[in-house]
Amino acid sequence: MVNTIKLYMPLLRAAMKLAGMTPQKIEIEPGTIMNFWAPTRPRNNKKNAVVFLHGFVGNGMMTWQFQALALARKYDVYVPDLLFFGGSTTSNSRRTVDFHTECLAKGLAALGLRRCTVVGFSYGGTMAFKLAESWPELVESVVATCSVPALTESMSKECLGKMGFPTWSEFLLPNSANCVRKMFEVGSYELPRIPIRVFKDGLEVMFDHRRERAELLEAMVIPDKDFTLPGYSQRVHLVWGEDDKILSVGLAKELKEKLGNKATLECIEKAGHIALLERPFVYNRCLKRILASIYDEKSPRV
């Protein structure tokens, strides 16, 4: 029987190309290749640039399809696959957020991008925060969706305890169709009735590089003593699902308070952790407002 997701992917790739994006493989260093969906035409500096960083389930194109297609006409849109997702791999043994963002920065530079807004979801949001901290000349502003700058041991323990999972690998690297469904149930406000076959198809195509991804998850959690919230030079826009069962909206409010006047918070009703997929039109309106607040009355940046 045909895998429904494998059947859908060529259609999605065709839609991305029609919207003016093409996949490009960038050699970051020997043994490290990253795949980027990037504007087909060379940058002419007439459009501002938006970079979308996906979470830990699904590649960039699958995660950000509704947003990339909606924004490609007005903005130069870049959608990378993070390492060990989509077409991105590395032979380097480093699994840290620092190494990952270093690769992202080099890849974006190779594509000629010098200034952008970074929109990150969950795991990708942590990358967005690190990019903003380490490469302030690259990052104009951060839009973090259901994401925190770092996942500390205490925060990790609390979140896993509430969800009832012993480890992040148990939750984010499911080994059966029922476990895939459970993962999406936790991530959603209300998961619609979906045939179990779709979850079986997802299990088949979405969870490769399991050992490497487990290493990424292990490296993502850091000791509390090793993290101090940076003083970001950029504005930070937080977007959250009101019913996020993974990273609660309470964490978002605490983060906004710590970030001070440089931060905004918008909550999406009837949405969980995967708010951008559950309520894409509501999320897109929110994102468009944020981007307008960043770029209106400003000339495009290179």
Side-chain angles (χ1 to χ4, degrees), residues 53-58 62-64 66-67 82 85 119-129 143-194 196 198-199 202-203 206-207 213-214 216-218 220-222 224 236-259 263-284 286-287:
L53 303 180
H54 64 80
F56 212 84
V57 178
M62 289 183 66
T63 301
W64 291 110
F66 300 114
Q67 291 71 40
L82 300 177
F85 294 84
V119 183
F121 163 59
S122 195
Y123 179 65
T126 300
M127 301 288 174
F129 278 115
V143 182
T145 303
C146 301
S147 181
V148 291
L151 186 62
T152 61
E153 289 177 345
S154 61
M155 187 186 302
S156 174
K157 183 177 180 180
E158 180 181 352
C159 293
L160 288 170
K162 286 181 178 179
M163 293 188 295
F165 288 89
T167 66
W168 289 105
S169 291
E170 290 273 349
F171 175 50
L172 292 171
L173 293 173
N175 54 19
S176 71
N178 284 330
C179 289
V180 176
R181 178 164 56 189
K182 176 64 175 178
M183 180 186 68
F184 279 103
E185 285 175 349
V186 173
S188 305
Y189 168 74
E190 185 176 5
L191 188 68
R193 296 185 67 177
I194 299 173
I196 192 67
V198 175
F199 296 112
L203 181 67
M206 294 171 61
F207 299 97
R213 291 193 195 183
L216 290 173
L217 287 170
E218 185 176 350
M220 183 175 63
V221 181
I222 63 173
D224 289 56
V236 175
H237 304 273
L238 306 174
V239 183
W240 233 268
E242 280 194 350
D243 196 51
D244 191 334
K245 305 180 192 74
I246 300 173
L247 297 173
S248 71
V249 73
L251 285 174
K253 293 175 180 178
E254 290 176 13
L255 178 57
K256 179 184 180 299
E257 184 176 346
K258 291 177 181 177
L259 290 169
T264 66
L265 172 61
E266 293 200 39
C267 296
I268 297 177
E269 295 180 350
K270 297 182 179 180
H273 191 70
I274 58 171
L276 68 162
L277 294 171
E278 273 192 294
R279 305 202 67 190
F281 300 111
V282 177
Y283 181 90
N284 285 2
C286 177
L287 180 57

State, with a plain yes or no, whether a side-chain heavy atom of [X] is found less than 4.5 Å away from one of [Y].
X	Y	answer
Ile196	Asn178	yes
Gln67	Asn284	yes
Arg213	Leu173	yes
Leu276	Trp64	yes
Arg181	Ile194	no
Met163	Trp168	yes
Phe121	His273	yes

Of all the heavy-atom pairs spanning [X] and [Y], show the shortest one and how long it is.
X	Y	value
Leu255	Val148	CD2-CA, 4.4 Å
Val249	Gly241	CB-O, 4.5 Å
Met127	Leu82	CG-CD1, 4.4 Å
Ala128	Leu53	N-CD1, 3.8 Å
Met183	Pro174	SD-CD, 4.2 Å
Ile268	Ala275	CD1-CB, 4.3 Å

[atom2] on [Y] to [atom1] on [X], rounded to 0.5 Å:
X	Y	atom1	atom2	value
Tyr189	Asp243	OH	CG	6.5 Å
Ser147	Phe129	OG	CZ	6.0 Å
Glu278	Glu190	CD	CD	9.0 Å
Lys253	Lys256	NZ	NZ	11.0 Å
Leu277	Met62	CG	CE	9.0 Å
Thr167	Leu172	OG1	CG	9.0 Å

Compute both the distance and the angle, then confirm whether Arg279 meets the cation-pi test with Phe66: under 6.0 Å from the six-membered ring centre, within 45 degrees of the axis. no

Can you label the angle between the Phe165 ring and the Phe171 ring as parallel, tilted or perpendicular, going by 30° and 60°? tilted

Parallel, tilted or perpendicular: which one describes the rings of Phe85 and Tyr123, with boundaries at 30° and 60°? tilted

Sub-3.5 Å donor-acceptor pair from the side chain of [X] to the main-chain atoms of [Y], do we have one?
X	Y	value
Asp244	Cys146	no
Lys245	Ser188	yes
Thr126	Ala150	no
Glu266	Cys286	no
Trp240	Leu247	yes

Looking at Leu251, Thr145, Val143, Leu265, which one forms a side-chain contact (heavy atoms from CB on, under 4.5 Å) with Leu238? Leu265

Is the closest basic N to carboxylate O distance between Lys162 and Glu158 below 4.0 Å?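 The answer is yes: the pair qualifies as a salt bridge.
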
Is the count of non-hydrogen atoms from other residues, nucleotides or ligands lying under 6.0 Å from Glu218 atom CD greater than 12?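 Atom CD in Glu218 is not packed in, count stays at 12 or less.
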
Just wondering, more than 12 heavy atoms not from Glu269 lying within 6.0 Å of its CD?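 It does not: Glu269 CD has 12 such atoms or fewer within range.
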
